[in-house]
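Here the structure is laid out as C-alpha cells; the discussion comes afterwards.
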Number of protein chains: 2
Amino acid sequence: MDRRRTDTRSRIRSVAMELFTEQGYDKTSMREIAERLGVTKAALYYHFKTKQDIVTDLFASLPEGIDEIVRWARNQPAGAKTREEILVRYGTLLHEYGRDMARFFYTNQAAFGRHESAFTMREGMRLLAHAMTTPDHNPLDTFYARQALLTLGWSSAMMGDLDLTDDECFEASLKLGRELLQRISPTAGHIT
Amino acid sequence: MDRRRTDTRSRIRSVAMELFTEQGYDKTSMREIAERLGVTKAALYYHFKTKQDIVTDLFASLPEGIDEIVRWARNQPAGAKTREEILVRYGTLLHEYGRDMARFFYTNQAAFGRHESAFTMREGMRLLAHAMTTPDHNPLDTFYARQALLTLGWSSAMMGDLDLTDDECFEASLKLGRELLQRISPTAGHIT
DNA sequence: GTCTATAAGGTGATAGAC
DNA sequence: GTCTATCACCTTATAGAC
C-alpha cells in the first residue's frame, strides 16, 4: 500500500510549523526539524528542495485565496458595500487558517522580506487595500482600509493569551474593522 | 580632545539600524555591518559586547518610556479619560522615535521572541492594554485596548509607502485608536 | 524513502599584537 | 581603538550507498 506515501511529508509539515511558530523561521534549522522528527536532515531534503519550500507549501492556498478575492472584487461595483465584503472575505480566509498561521506570518515578516516568490502578508494586505480604494486610491482612504485589514490579522496573532475563543476574536475584530471602514469618504469608489 | 570618542560607536549604531530595518535583524551579520562601515568585526566587538547589545542600546529609552506611562497611569483614576491619555502618550512615544523604529520592531518580532532581557513591542503593548483595563481586565475590553494601541504602531510601520507625512499618519491613527476605545464598556474602570 | 558522509561556507565571538 | 588571525560551531544543501 502506498496509503502512507505522504505520511512523512505531512509529519515534516506539522513539526516545521510547530517549530517555526515556537521560535521563529530564522532561528529554526533543518537539523532541529529532523531531530524532533527522528529522521535525518537528508530525509527532509528528499521531500522539500529547500527550507523556504516548506513554508511555501504550508501556505500555498493563502496567496491563492487573496488572489481570488482580488479577482472577485474586480467584477464588483466600487463602493462601500464591496469594501466591506472584501474585509469579511479576508477575515474569513484568515479565520479558517487559524491562529497559528496568523501568528507565524506576523512574527516572521523579516524572514520573507525581499525574496523572489515568497508570499508576505504585508503584500496581500496591500493588494486588498488597493482593491478597496478603487479607483481613486486616496492615501488617507488607503490608510483606513489597511488599518481595517490589519485589525483582522492581529486579532488572531496577538490575542492568543486572552480568554476569548477564536470565534469571539474574529467577530470582535470584524466589528472593529467595519467601524474603521466608515472613515473612508462615502463618495469614494463612486462615479460622480 | 575626546569629542570624537563616541564617533565610531554612533556610526555603528546608525549603520546597524539601517541594515536591520533593511533586511531584518537575523539576516544581518556583524561582518556585514563592519564591511559597510569600513572596519573589522573585531572593532564592533570593542564597542558592543554582543549583537543583541546593539539593539538594546538603540532602543534603551523605549522600555523606559513605556514604564513611565505605566507608572503615571497607576496614579490616575481608572476610566475612559485615563485610557485615552495612555493611548495618546503611547502614540507620541512611538511618533517621536519615528518610522524606522516601529518598522524595525514590528518586522523583527521573531528575533526577540523568547529572550531574557530583550524588550519587545508586544510586551509593551500588553502592559499598556492591561493598565487601560484596570481593574477588571475584561477580556473583550483588553482586546479593544490592544487593537487601539496596535493601530498606532502600524501607522508608522506599514504605511511608509503612502503619500502621507509622519504627522498625518500619526493623527489619523490616533483618531482611529480613540474610536476603537469607545467600544470599551463605559462603566469599565469605575467603582460601581 | 531514508541513510551516512561531506561539501562549502557562514556565524558570533575572542586573543593578542600594534 | 582598531587590527589580523583564528576558534568552535552552525548552516543549507548534495552525492551516493542501501
Which whole-number value in Å describes the distance from A:H47 NE2 to C:dC3 C1'?
12 Å
For A:N138, side-chain hydrogen bond (donor to acceptor under 3.5 Å, both in side chains) partners two or more places apart:
none
Per-nt protein contacts along nucleotides 11-18 of chain C (heavy atom under 4.0 Å; B base, S backbone sugar-phosphate only, - none) come out as SBBBB---
All pairs passing salt bridge (charged side-chain N to carboxylate O under 4.0 Å, His left out) where residues 135-162 of chain B contributes a residue, at least two apart
A:R126-B:D161, A:R146-B:D161, A:D161-B:R146
Quick test of your reading: applying ring-ring contact (aromatic ring centres under 6.0 Å, His included), list the pairs with at least one residue in residues 159-184 of chain B, sequence neighbours left out, ordered by first then second residue.
B:H95-B:F170
Can you list the residues that meet the side-chain hydrogen bond (donor to acceptor under 3.5 Å, both in side chains) rule with A:E32, with sequence neighbours excluded?
A:Q23
Could you tell me the separation between the CD atom of B:E35 and the P atom of D:dT2, rounded to a whole number of Å?
17 Å
To the nearest angstrom, the CG-P distance between A:L37 and C:dG1 comes to 15 Å
Which residues pass the salt bridge (Lys or Arg N to Asp or Glu O under 4.0 Å) test with B:E168, not counting sequence neighbours?
none
Examine the side chains of B:S61 and B:Y97 and answer whether a donor and an acceptor come within less than 3.5 Å of each other.
yes
Reckon A:T8 has a side-chain N or O less than 4.0 Å from the OP1 or OP2 of C:dT2?
yes
What integer distance in Å separates A:D53:CG from D:dT12:C1'?
12 Å
Can you list every pair that meets salt bridge (charged side-chain N to carboxylate O under 4.0 Å, His left out) and has a residue in residues 62-73 of chain A, with sequence neighbours left out?
A:D67-A:R71
Please list, by residue number, the residues of residues 13-20 of chain A whose heavy atoms come closer than 4.0 Å to an atom of DNA chain D; answer none if no residue qualifies.
none
Under 4.0 Å between a side-chain N/O of A:T40 and OP1 or OP2 of C:dC3, yes or no?
yes
Salt bridge (charged side-chain N to carboxylate O under 4.0 Å, His left out): pairs with one or both residues in residues 42-63 of chain B, sequence neighbours excluded:
B:R9-B:D57, B:R13-B:D57
